[in-house]
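The figures that follow rest on heavy atoms only: side chains count, while hydrogens, waters and symmetry mates do not. Atoms within each ligand, like the ligands themselves, are counted from 1 in listed order. Since we're looking at a predicted model, the values are computed, not measured.
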Amino acid sequence: MSIIKENIEQINKKIEASAEKSGRKREDITFVVVSKTIDVPRIKEAVETGENNLGENKVQEIMDKYEPMGEGIKWHLIGHLQTNKVKYIIDKVELIHSVDSIKLAEEISKRAVQHGLVAKILLEINIANEESKFGINPKDAERIVLEISNLSNIMIKGLMTVAPFVENAEENRVYFKQMKQLLVDINSKKIDNVYMDVLSMGMTGDYEVAIEEGATMVRVGTGVFGARIYPNKN
Ligand SMILES: *Cc1c(COP(=O)(O)O)cnc(C)c1O
């Protein structure tokens, strides 16, 4: 078996074990295979295992890989999205994880109306208030959910976060707990049209802890494909 397939098998076992620890089943957790920077042949190897949720952080990469990867893929946009690029992916993605402003949500709504579809989104939360990160301050989340809930053809499915980069995943447990609490708090407000149940959190270094704390979706790249090689930025 290829290393990619072996990695996926191992990760699936860990997802199952962590889900059980939190009283859930493997099928309650969506495994998003993060394929950014990875070429189509290697992504296809991953998809052969049956995993068909792919995460990309750039609009351009989704557009480049969309045709070659063919049907049956659920594309997840997990990186920062500029309003002027919404039009390129609105009819291609299963879920936009990275909505971080009302302005962006308005553009998504507008494009969704044009295409006659309902766009599913998550609100990205900057749970640790890191200056380097995108995402909404947790204090503003409820107000923003309320505003977005009035827009047409857009459905808020839940929350997403990119937790701090840490050596020891346990350090992020507190943030994962806060994310879960935020989701519960917002749902308890019973806002019209808002019922959120997706919690997208946990990456290669910390997805097990994230699941233990309530993640329903994990985004794992390096753990599947190995370290990413970025083109020289000079
Ligand atoms: C790259 C990326 C991931 C995957 O990170 P790994 O550490 O490689 O698993 C997850 N989420 C987002 C938003 C990313 O950009």
Should we count NZ of K21 as having more than 12 external heavy atoms under 6.0 Å? no
Can you find a side-chain donor-acceptor pair between [X] and [Y] that sits under 3.5 Å?
| X | Y | result |
| --- | --- | --- |
| H80 | N57 | no |
| N12 | E16 | no |
| R228 | Y230 | yes |
| Q60 | D64 | yes |
| E124 | T161 | no |

Is there any N or O on G221 that sits under 3.5 Å from an N or O of ligand 1? yes
Starting from [atom], what is the nearest protein heavy atom, named by residue and atom, and what distance separates them?
| atom | result |
| --- | --- |
| atom 1 (C) of ligand 1 | K36 NZ, 1.4 Å |
| atom 5 (O) of ligand 1 | M203 CE, 3.4 Å |
| atom 12 (C) of ligand 1 | I78 CD1, 3.5 Å |
| atom 6 (P) of ligand 1 | T204 OG1, 3.3 Å |
| atom 11 (N) of ligand 1 | R219 NE, 2.9 Å |

For ligand 1, the portion of T222 having any non-hydrogen atom under 4.0 Å away: both
Tell me which part of H97 gets within contact of ligand 1: side chain, backbone, both or neither, using heavy atoms under 4.0 Å. neither
Which of the ligand 1 atoms, numbered from 1, are nearer than 4.0 Å to a heavy atom of V162: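 Under 4.0 Å from V162, ligand 1 has these atoms: 13 (C).
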In terms of atom number and element, which parts of ligand 1 are under 4.0 angstrom from non-hydrogen atoms of V220?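 Heavy-atom distances to V220 below 4.0 Å select 9 (O).
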Got F134 and S98 here, is their nearest side-chain heavy-atom distance under 4.5 Å?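 No; the side chains remain at least 4.5 Å from each other.
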